[in-house]
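Inspection log for the structure reproduced underneath, given as structure tokens.
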Amino acid sequence: MNWIDKAYGDPKYGNGRWYLNPKNHSRNMYKIKKPDQKSAAFGSDPEAQSGARIFEIMQTRFEDPEKFERMVKEADAMRTKGPFQIGQVIPIQEAFKVAELSYPIGAMHCICRYHWRANEERNEHEYSCTGLGVGMLKWERWPERYKGGVNFMTPDETKEWLMKWNKKGLVHIIMTFGGSYVGGICNCDYPDCGMIRNRIDYGITTGCIKSPWVAKVDYDQCTGCGICVQRCQFGAIKFEVTIEKTNIDQFKCYGCGLCETACPTKGIELIERESLPGLKEVW
Amino acid sequence: MSKPRYPVIEIDSNKCTVPFYCKKCLEICPTSVFMVHAVKVEKGRETNPQDPGAYVLAAPMRDKCSVCNDCIEVCPEDAIKIYFPSDT
């Protein structure tokens, strides 16, 4: 059993597929609030709070680098214990399964692009993030998130919508947003996604754990067209000049599958991380 | 171990009052060092991007700043200053 299943659930839904476990879509959704207690995670405006919090953490990096290192280590230790402080990259096939499992599903604007690029995404054509589960039903209480509204979608619409962003080149990350259940699927890239950025630039693993897959090139099928090279957000794919084919660094690969979906000759396949002893512990 | 030196990005909040509405620096930065967040929050209502002082601009990723000065050029209010801390 790997660490994700140990911390988050049940290997019967597949190795490392905690997000397919229905329990993880419902646990602790409604908590009984005592009158004198404030919600620990979210106040009246989680967006503004998260912004201020991110800024605080980043500021620690400059003022007290050692404390920052400690914070990163603590967060990393937390992910292996649970419950739920994580985000994980998943390929689109898995995102489809989540779309069938979770209800309700609403498309909304991306909080990262909002903070880092002041990108507003004010209508359903621009929304690039999804909220999953009943948390969506009280979304209007949070004005910064609700500003353009929420576009609720059926599973089939969700798949179509995910495919749209996949084609454009965004990575799917299943998130708990620090809560205790699956809260959404983000569609991310570098540098305007906080999760990918924090991991690549600052080594904060919790928000962007690698998927249970890694990509592998089939050299017989690869024609060296180079399309996959542009698709990789993690810098794992290079063009190997002398053999005129793609080269994937599996240690850098996050298993998002963007290269796989774009390959015109089916020259890239996703294989299970667990099946490769050298990558088993690389998350 | 000496602390690594990073560019210091000073943002004059008296001049930069509507960063979420203006957003020129946020969009132009090649390494996306800026961040904007709401400080004025009323329950159940969206913060107005054109309300002066409702949003603040910060540069939390300034360790990735290459000091290309694109943001200084694009800023209509002349509110951004970037310098390298001196050795002394």
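All chains are named by letter (A, B, ...) in the order of the sequence lines, taking the proteins before the strands, and each is independently numbered beginning at 1.
- In this structure, CE on B:M61 lies 6.0 Å from CZ on A:R61, to the nearest 0.5 angstrom.
- When heavy atoms are compared at a cutoff of 4.5 Å, B:F34 approaches chain A solely by way of its backbone atoms N, CA, C and O.
- Considering CZ of A:R197 and OG1 of B:T31, their distance stands at 6.5 Å, rounded to 0.5 Å.
- For residues 9-17 of chain B, heavy-atom neighbours of chain A at less than 4.5 Å comprise no residues at all.
- Heavy atoms from other residues, nucleotides or ligands lying under 6.0 Å from CZ of B:F84 number more than 12.
- The distance from the NE2 atom of A:H115 to the OG atom of B:S32 is 12.5 Å, given to the nearest 0.5 Å.
- Of the atoms belonging to B:C22, not a single heavy atom falls under 4.5 Å from chain A.
- Under a cut-off of 6.0 angstrom, the local environment of OH in A:Y190 is crowded, with over 12 non-hydrogen atoms contributed by other residues, nucleotides or ligands.
- Taking a 6.0 Å sphere around NZ of A:K164, one finds it holds more than 12 heavy atoms contributed by other residues, nucleotides or ligands.
- Using cut-offs of 30° and 60° on the angle between ring planes, the pair B:F20 and A:Y114 is tilted.
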Test side chain to side chain contact (heavy atoms under 4.5 Å, CB included) applied to A:M58 and B:M35, step by step
CA-CA 11 Å; A:M58 291 304 161; B:M35 179 181 155; over 6 Å; no

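- Applying the 6.0 Å contact sphere to CD of A:E69 captures no more than 12 heavy atoms from other residues, nucleotides or ligands.
- Only the side chain of A:Y202 comes within contact range of chain B, judged by heavy atoms closer than 4.5 Å.
- In this structure, the side chains of B:C29 and A:R117 come closer than 4.5 Å at one or more pairs of heavy atoms.
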